[in-house]
Asker: 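Dropping the structure in here first, questions after.
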Amino acid sequence: MAVENGRSSAVSGGGGDGDGGDIYHLPEGCIANVLSLTSPRDASRLSVVGTVFRSAAESDAVWDRFLPPDYRDIISRSSDGPESINVGSKKELYLYLCDHPFFIDGGTKSFSLEKRSGKKCYMLAARSLAIIWADTPRYWRWIPLPESRFSEVAELLEVCWFDISGKINTSMLSPDTNYAAYFVFTMKSRTYGFDRQSAEGAVGISGHERKPQTVFLDPEAARRHMYQIVPRRLGLLNQMADILRRGVNPPPSENNIQARYPQQRSDGWIEVELGEFFVKRGQDIELEMSLTEVKVGNWKSGLVVEGIEIRPKER
């Protein structure tokens, strides 16, 4: 591939003679229109091709296309007021919304954009979730936590009936996008009840039956389950207990391939996927996400709930 004056003939629209067909001779507005049909990542990469591309890739016309059509309405719902988001260009606004989740709807949700695609992301605060017994001080308590983006989180003191759910309308999400819901939490130093017992996560249309999947909340229990770590020497009673535990939580198999395990997040919290759902264009239905453990009834304690995050997931 011939290169002349730092430009390859691959970017020439003609026969490489640099005459009228040279892409560098196109108006900046035309290049900007082409870039706006790509993706934020592609536009950023193409900005290094040349001066004209760099100028076009910085233009508001390009980044306005990458922002959600209703971004002005979403910003107007900011709990700190729309004037709190004070940036210059549309590109600066896009990057701000990617890196700085802001509160909406009275602080019950946070909103941000996925940097790679510009798709909408939400986190439902613990206060906006339906948590069984959450208003009973014996079982749960609400506390501030400096590490949390929200003003308060829910700390599990002790329950035997663990049931948490949240809802969001699909019209709030980006169309033609596969979303996943993630339960975001951390664990206190004294935690029990989750080490041997899995929970059930589910995502689907509210009011309809949702296919549950096995969810592990305790990282150490998840590690044992993934690798089937069993003590070498077990007494008779321990052997019996281990057999019973395996009956409750069978090892991975063809019938149990949907088990989800907790992962450490970059913000210090832990998350585990509850399930996924494809949002069709024009769809306007209520999506429900849930996490439950109500079958065994053992006592549980030590979990701290920040919320449920809904963000795009590659299929």
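The figures here come from the full heavy-atom set of this structure, side chains too, leaving out hydrogens, waters and symmetry mates.
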Asker: Treating Y94 as the side-chain partner and G118 as the backbone partner, does any N or O pair qualify as donor plus acceptor under 3.5 Å?
Answerer: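 Pair found, side chain donor or acceptor close to backbone of G118.
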Asker: The test is side-chain contact (heavy atoms from CB on, under 4.5 Å); show your working for I168 and M289 and say whether it passes.
Answerer: CA-CA 9 Å; I168 191 170; M289 306 135 286; 4.1 Å; yes
Asker: Check whether N298 reaches the backbone of G193 with its side chain - one donor and one acceptor, N or O, closer than 3.5 Å.
Answerer: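 Confirmed, N298 side chain pairs with G193 backbone.
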Asker: Between Q264 and G268 (side chain of the first, backbone of the second, donor and acceptor by atom type, cut-off under 3.5 Å), is there such a pair?
Answerer: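 Indeed, once roles are kept as given, a pair shorter than 3.5 Å links the two residues.
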Asker: Looking at CD1 of I164 and CG of L124, how far apart are the two atoms once the value is rounded to the nearest 0.5 Å?
Answerer: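 These two atoms lie 12.0 Å from each other.
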Asker: Grab the two heavy atoms, one from V215 and one from E273, that are nearest each other, plus how far apart they are.
Answerer: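 Of all heavy-atom pairs spanning V215 and E273, the closest is CG2-O, 3.9 Å.
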Asker: For T177, give me all partners under side chain to side chain donor-acceptor pair (under 3.5 Å), at least two apart in sequence or on another chain.
Answerer: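 If we apply the side chain to side chain donor-acceptor pair (under 3.5 Å) test to T177, skipping adjacent residues, the hits are K119.
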Asker: Does any part of the side chain of K280, heavy atoms only, come nearer than 4.5 Å to the side chain of P175, both counted from C-beta?
Answerer: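 When only atoms from C-beta onward are counted, K280 and P175 do not touch, as no gap falls below 4.5 Å.
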Asker: Within the side chain of E306, is there an N or O that forms a donor-acceptor pair under 3.5 Å with the backbone of R149?
Answerer: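 Checking the backbone N and O of R149 against the side chain of E306, a donor-acceptor pair under 3.5 Å is found.
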Asker: Please walk me through it: do K300 and L156 pass side-chain contact (heavy atoms from CB on, under 4.5 Å)?
Answerer: CA-CA 8 Å; K300 309 164 188 67; L156 172 59; 4.2 Å; yes
Asker: Could you grab the distance from atom CZ of R210 to atom OG of S290, nearest 0.5 Å is fine?
Answerer: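 The CZ atom of R210 sits 4.0 Å away from the OG atom of S290.
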Asker: Just checking, any donor-acceptor pair under 3.5 angstrom between side chains of N169 and S171?
Answerer: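 Yes, a side-chain donor-acceptor pair sits under 3.5 Å.
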Asker: Taking atom OG of S79 and atom CZ of F102, what is their separation to the nearest 0.5 Å?
Answerer: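 Going from the OG atom of S79 to the CZ atom of F102 covers 9.0 Å.
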Asker: Strictly below 4.0 Å, N to O, side chains only: are E309 and R265 in salt-bridge contact?
Answerer: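 Counted as a salt bridge, because a side-chain N and a carboxylate O are separated by less than 4.0 Å.
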Asker: Judged by atom type as modelled, is there a donor-acceptor pair below 3.5 Å linking the side chain of Q197 to the main-chain atoms of A199?
Answerer: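 Pair absent, no side-chain N/O of Q197 close to backbone of A199.
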Asker: Determine, for K91 against D60, whether the closest basic-nitrogen to carboxylate-oxygen distance falls under 4.0 angstrom.
Answerer: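 Salt bridge absent between K91 and D60.
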Asker: Can you confirm whether M172 sits close enough to K109 that some side-chain heavy atom of one is under 4.5 Å from a side-chain heavy atom of the other?
Answerer: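 With C-beta onward as the side chain, the pair touches.
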Asker: Test of understanding: with side chain to side chain donor-acceptor pair (under 3.5 Å), list the residues that count as partners of E152, not counting sequence neighbours.
Answerer: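 Only R127 meet the side chain to side chain donor-acceptor pair (under 3.5 Å) criterion with E152.
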Asker: Could E158 and R138 be called an ion pair, given the rule that one side-chain N must be under 4.0 Å from one carboxylate O?
Answerer: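 No, this pair does not count.
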Asker: If every non-hydrogen atom of P137 is compared with every non-hydrogen atom of L157, which pair is closest and at what distance?
Answerer: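 That closest heavy-atom pairing would be O-CD1, 3.1 Å.
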Asker: Is the distance between the ring centroids of F277 and Y179 under 6.0 Å?
Answerer: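 Not under 6.0 Å, so no.
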Asker: Ignoring hydrogens and angles, tell me if any N or O in the side chain of Q283 forms a donor-acceptor pair with the backbone of V279 under 3.5 Å.
Answerer: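 No; judged by distance alone, with no hydrogens or angles, the pair does not exist.
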Asker: More than 12 heavy atoms of other residues, nucleotides or ligands under 6.0 Å from CD of E83: yes or no?
Answerer: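 Result for CD/E83: enclosed.
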Asker: Parallel under 30°, tilted from 30 to 60°, perpendicular over 60°: which one fits the rings of F185 and F183?
Answerer: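 Rings of F185 and F183: parallel, as their planes differ by under 30°.
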Asker: Before giving the answer on side-chain contact (heavy atoms from CB on, under 4.5 Å), spell out for V153 and I143 the whole-Å C-alpha distance, their side-chain angles and the decisive distance to 0.1 Å.
Answerer: CA-CA 6 Å; V153 296; I143 59 171; 3.8 Å; yes
Asker: Can you give me the closest heavy-atom contact between W299 and Y192, atom names plus distance?
Answerer: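 Smallest heavy-atom distance, with atoms named: O-CD1, 3.6 Å.
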Asker: Apply side-chain contact (heavy atoms from CB on, under 4.5 Å) to the pair R77 and F103, showing each step before the final yes or no.
Answerer: CA-CA 8 Å; R77 291 155 55 194; F103 302 131; over 6 Å; no
Asker: Keeping the roles fixed (side chain from S148, backbone from L145), state whether a donor-acceptor pair exists under 3.5 Å.
Answerer: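 A pair under 3.5 Å: no.
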Asker: To the nearest 0.5 Å, how far apart are CD in E155 and CH2 in W142?
Answerer: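 CH2 of W142 is found 11.5 Å from CD of E155.
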Asker: Side chains of residues 67-75: which donor-acceptor pairs under 3.5 Å do they make with residues two or more places apart or in other chains?
Answerer:
| from | atom 1 | to | atom 2 | distance (Å) |
| --- | --- | --- | --- | --- |
| D70 | OD1 | K120 | NZ | 3.0 |
| D70 | OD2 | K120 | NZ | 2.9 |
| Y71 | OH | K90 | NZ | 3.4 |

Asker: How long is the gap from CE on M123 to CD on E271, to the nearest 0.5 Å?
Answerer: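 Output value for this atom pair is 8.0 Å.
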Asker: What pair of heavy atoms forms the shortest contact from F216 to A259, and how long is it?
Answerer: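 Minimum heavy-atom separation between F216 and A259: CE1-CB, 4.5 Å.
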